[in-house]
Every structure is written in structure tokens, then in C-alpha cells.
Participant: 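After the C-alpha cells below, expect a handful of questions from me.
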Amino acid sequence: MHTFRVELGARSYPIYIGPGLLGQPDVVAPHVGGRQVMIVTNTTVAPLYLTQTKAAFAAYDTHVVILPDGEQYKTLGTLQQIFDQLVDKRYERDCTLVALGGGVIGDLTGFAAACYQRGVPFIQIPTTLLAQVDSSVGGKTGVNHPHAKNMIGAFHQPRCVLAATDTLDSLDDRQLSAGIAEIIKYGLIRDTEFLIWLEANMEKLLARDSGALSFAIERSCHNKAQVVAADETESGLRATLNLGHTFGHAIEAASGYGAWLHGEAVATGMLMAADLSARLGWLSTAEVHRIESLLVLARLPTRAPAQMDYPTFMKYMSMDKKIQAGRLRLVLLKQLGEAVVTADYEAALLKACIDEHHALSNA
Ligand code: NAD
Ligand code: GLY
């Protein structure tokens with residue numbers, strides 16, 4: 001087992017990474033608040049990992065909420081189901097919520113924990129690659145609005161993150177690639193050594209080589225923990241973790257949540273951000289091709305849906321959380337390994353970038 005810490009003063013917490021971590025009472029015990037535990041999971045993950053997970057919490061008064069599976073259920077309505085169970089079972093302020101699943105379950109459960117009785121402890125047990133390398137770490141929680149991704153939420157840090165890497169054995173290849181998109185993101189925004197490693201080891205990752213996967217998860221968590229520790233509530237640096245997300249969130253919302261996986265939309269969005277960075281003279285065309293090749297190697301999409309023209313992108317991007325004083329700030333690449341958040345680009349360049357992608361998607 002490898003352990004990283006997210007250093008946030010009194011709210012610091014460990015990220016445990018390794019195989020065989022589910023079902024170990026000793027690992028979770030230091031992070032459980034009182035005597036009541038509520039495990040939140042979904043209809044896909046429950047048959048796979050609920051029994052093992054429950055074993056770790058056998059010493060507590062434990063109940064389970066099993067939600068429907070899918071990004072389309074990351075809503076306020078689904079949140080109500082968690083609150084109903086908490087109230088019905090008389091959960092008290094020192095209870096602990098446990099998120100067992102991918103990023104959707106993690107974001108929903110974390111937000112429920114942020115709101116219930118104005119904040120109760122929660123534990124993240126991420127079971128997708130994307131959740132193990134990104135969403136379970138850092139305390140961003142929330143739900144989607146029908147027209148705007150992740151628009152309603154709160155910062156609420158977990159008490160610990162338990163990434164049981166053997167749960168990835170049951171993940172399908174498409175979900176694996178979606179997780180790799182967020183891994184590539186760390187290479188692009190701040191870790192060129194890792195980017196080079198990813199170019200050399202992508203086949204191993206796709207083949208689920210355990211050494212390569214463990215290294216990629218650990219390196220990603222290390223990067224994420226550093227960024228979160230430096231800027232917990234996204235006053236600056238943390239926004240760079242959103243490379244490609246402004247374009248990607250537009251794709252997810254416009255396509256109907258769930259049609260495109262989050263990681264897939266981020267992959268296409270990262271290429272669009274790289275393209276705009278090249279139009280600003282920051283990246284070379286060769287570097288944009290290099291990024292595209294890596295995304296393609298990872299079996300990720302690099303073209304937005306054919307119907308997504310400039311007005312469609314702008315309709316959804318105009319709801320982005322990075323808008324400030326009416327200006328759309330984008331995460332762009334000054335160079336490989338260095339991201340900036342800027343509104344300092346000509347609108348015509350953004351239009352040209354989207355128009356060209358739209359044409360390529362329809363070619
Ligand atoms: P997901 O939660 O929908 O999980 C993907 C699919 O895999 C689901 O069908 C799920 O039931 C299934 N699954 C989960 N674990 C499995 C396993 N071990 N074996 C087989 N199937 C399994 O999607 P995701 O990619 O994990 O997360 C995407 C979500 O995370 C998006 O809503 C995104 O906005 C959010 N996100 C949040 C943050 C953050 O900082 N909070 C960061 C990145 C992404
Ligand atoms: N995934 C973006 C963030 O955690 O800030």
C-alpha cells in the first residue's frame with residue numbers, strides 16, 4: 001500500500017492506494033466519525049464490491065443506499081434519496097457517509113455529506129480509474145444542472161480516500177480510457193516527465209499492467225494532492241486541473257449527460273485547448289499533433305459530436321464556472337507542462353478553433 005497525504009492543516013487526510021484494501025476495518029477505523037455509517041453506491045458497483053466494503057464497517061450501525069447508475073442521475077433529485085434515508089434512519093451529526101463507486105457516486109455522496117446537518121464526515125472509496133486519479137481527491141462535490149455540468153456543489157474534503165486498485169479489474173476498456181484522459185491531463189499541465197512516461201507506457205496501461213497502473217495512479221494522486229494543498233478552493237492554480245473541461249463540459253451537457261463519458265469529453269476538450277494555445281503562438285503544430293497522438297493511442301475521441309458548432313459550444317460554455325466579469329477564462333497551455341488560466345485571447349481565435357473542429361467532425 002502507498003500512502004499520500006493531502007496537506008490541508010486540520011483537514012489533511014491520507015490517500016491509500018493498493019490492491020486488497022477493501023474490507024479492511026483497520027484502514028477505515030481511524031476515519032469513521034461516530035457509530036453510524038451510510039454506504040452510498042449504485043446498482044452496478046453494489047453486486048461487485050458492497051459485501052467486501054460492508055465487512056470493513058461491520059463494527060458500526062451501517063445502512064446502504066443503492067442509487068441508479070449513470071451521469072444522468074447526478075442530480076438534486078437523486079440527492080434527496082440519500083437525505084431521505086439519513087433522516088428516516090435518524091442519522092446524527094457524527095455519522096459517516098461512504099462513497100463506494102466512480103466519480104458520480106463520489107460527487108453525489110460528498111455533496112450529501114457537505115449538506116446533511118451542515119456537514120458530516122465522509123470517506124471516498126473510488127472504484128473507477130478516473131475516480132482514483134482525480135475525482136475522489138480534493139473535496140469538490142456536487143451535482144449537474146440540466147444545462148450546466150457540476151453547477152451546484154460545495155467544497156467538502158473527505159476524511160480519507162481508499163483507492164483499492166484491484167477494483168479496476170472489473171472496469172471495461174472504455175471506462176479505463178476515460179480515466180487515462182485525466183492522467184494525461186497531469187502530464188500536460190504540470191509534469192512533462194510523466195507525459196514522456198505516458199507516451200512510452202500507454203500500451204502497458206491499456207493492457208492493465210499492474211505496475212504501470214499503480215505508478216500512473218500514484219503519480220496522478222501526487223500531482224493532484226500538491227495542487228489541492230496549494231489552492232483548495234480554486235482561487236488560481238487549481239483551475240488548471242480543468243484543462244479541456246470547459247469544452248468538455250459543453251460536449252457532455254449538449255449531448256445529454258452520459259452519452260459521452262466525462263473523460264472522453266475532457267480528451268476532446270484538451271485537444272481543442274491545445275489547438276487554441278497553438279493559435280496564440282504558445283504551442284507548435286507538432287506539439288498539438290503529439291498531444292493528439294497520445295489521446296488516440298489511449299483510445300480516446302478527439303472530435304466533438306458533429307452537431308456541435310460554434311453557437312452550440314458557446315451556449316454551454318457561457319455557463320462555465322470560470323467566467324469572471326463576463327469573460328470566459330480558459331485553461332490553455334503556455335508550453336507542454338505549463339498551464340495558464342486566461343481570458344486574454346481574441347474571441348475570433350476561439351471561434352476559428354471551434355469552427356475548424358466542427359468542420360473536421362463533419363469531414
Ligand atoms: P461513473 O461514476 O459514472 O463511473 C463509470 C461507470 O463505471 C459507471 O457505470 C459505474 O457504475 C461503473 N463502475 C464503477 N466502478 C466500477 C468497477 N470497479 N467495475 C465496473 N464498473 C464500475 O464515472 P467516472 O468516470 O468514475 O466519474 C465521472 C464523474 O466524476 C463525472 O460526473 C465528473 O464530473 C466527475 N468528476 C469529478 C471530479 C471532482 O474533482 N470532484 C473530477 C473529475 C470528474
Ligand atoms: N477535477 C478538477 C478539480 O478537482 O479541481
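Side chains are part of it too, since the values below use all heavy atoms of this structure and drop only hydrogens, waters and symmetry mates. Residues take their numbers from the sequence shown, with the count starting at 1.
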Participant: What's the shortest heavy-atom distance between V40 and I105, and which atoms?
Facilitator: O-CG2, 3.4 Å
Participant: Taking only residues two or more places apart in sequence, or in another chain, which ones meet H289 in a ring pair (Phe, Tyr, Trp, His ring centres under 6.0 Å)?
Facilitator: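 H289 satisfies ring pair (Phe, Tyr, Trp, His ring centres under 6.0 Å) with no residue once adjacent residues are dropped.
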Participant: Taking side chain to side chain donor-acceptor pair (under 3.5 Å) as the cut-off, I'd like each qualifying pair that reaches into residues 200-214, sequence neighbours left out, listed once.
Facilitator: D173-R208
Participant: Please check if the side chain of S12 supplies one atom and the backbone of G9 the other of a donor-acceptor pair under 3.5 Å.
Facilitator: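 The answer is yes, because a donor-acceptor pair under 3.5 Å joins these two groups.
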Participant: Can you name the closest pair of heavy atoms from T43 and I66 and give their distance?
Facilitator: N-CG2, 3.7 Å
Participant: Taking only residues at least two apart or on different chains, which pairs with a member in residues 296-319 satisfy salt bridge (Lys or Arg N to Asp or Glu O under 4.0 Å)?
Facilitator: E292-R303
Participant: When you measure from the side chain of T192 to the backbone N and O of L195, does any donor-acceptor pair fall under 3.5 Å?
Facilitator: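 No: the side chain of T192 does not pair with the backbone of L195.
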Participant: My understanding is that only residues two or more places apart in sequence, or in another chain, count here; which of them pass salt bridge (charged side-chain N to carboxylate O under 4.0 Å, His left out) with R329?
Facilitator: none
Participant: Measure from the side-chain N and O atoms of D69 to the backbone N and O of N42, and report whether any donor-acceptor pair falls under 3.5 Å.
Facilitator: no
Participant: Can V288 be reached from Y345 by stepping across I, L, V, M, F, W or Y side chains whose heavy atoms are under 4.5 Å apart?
Facilitator: no
Participant: Please name the pair of heavy atoms, one in A239 and one in E234, separated by the smallest distance, quoted to 0.1 Å.
Facilitator: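 Closest pair (atom of A239, atom of E234, distance): N-CG, 3.5 Å.
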Participant: For the OH atom of Y116 and the CD atom of E92, what is their distance to the nearest 0.5 Å?
Facilitator: 8.5 Å
Participant: Within the distance-only criterion (no hydrogens, no angle test), does the side chain of D166 pair as donor or acceptor with the backbone N or O of G20 below 3.5 angstrom?
Facilitator: yes
Participant: Between H63 (side chain) and V37 (backbone), is there a donor-acceptor pair under 3.5 Å?
Facilitator: no
Participant: I want to know whether H31 and Y16 have ring centres closer than 6.0 Å.
Facilitator: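 Here the rings of Y16 and H31 have centres that are less than 6.0 Å from each other.
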Participant: For a quick test of your reading: what N or O donor-acceptor pairs under 3.5 Å do the side chains of residues 130-138 make, sequence neighbours left out?
Facilitator:
| unit_1 | atom_1 | unit_2 | atom_2 | d |
| --- | --- | --- | --- | --- |
| Q132 | NE2 | P126 | O | 3.0 |
| Q132 | NE2 | A164 | O | 3.2 |
| Q132 | NE2 | T167 | OG1 | 3.4 |
| D134 | OD1 | K224 | NZ | 2.6 |
| D134 | OD2 | K185 | NZ | 2.9 |
| S136 | OG | A131 | O | 2.7 |

Participant: Give a yes-or-no answer on whether the side chains of Y49 and S170 include a donor-acceptor pair shorter than 3.5 Å.
Facilitator: yes
Participant: Ignoring hydrogens, what is the shortest heavy-atom contact between L50 and I39? Give both atom names and the distance.
Facilitator: CD1-CG2, 4.0 Å
Participant: side-chain contact (heavy atoms from CB on, under 4.5 Å) between V161 and Y13: does it pass, once the steps are laid out?
Facilitator: CA-CA 8 Å; V161 178; Y13 55 92; 3.9 Å; yes
Participant: Kindly write out the residues that satisfy ring pair (Phe, Tyr, Trp, His ring centres under 6.0 Å) with H156, not counting sequence neighbours, or none if the list is empty.
Facilitator: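 H156 satisfies ring pair (Phe, Tyr, Trp, His ring centres under 6.0 Å) with F122 only.
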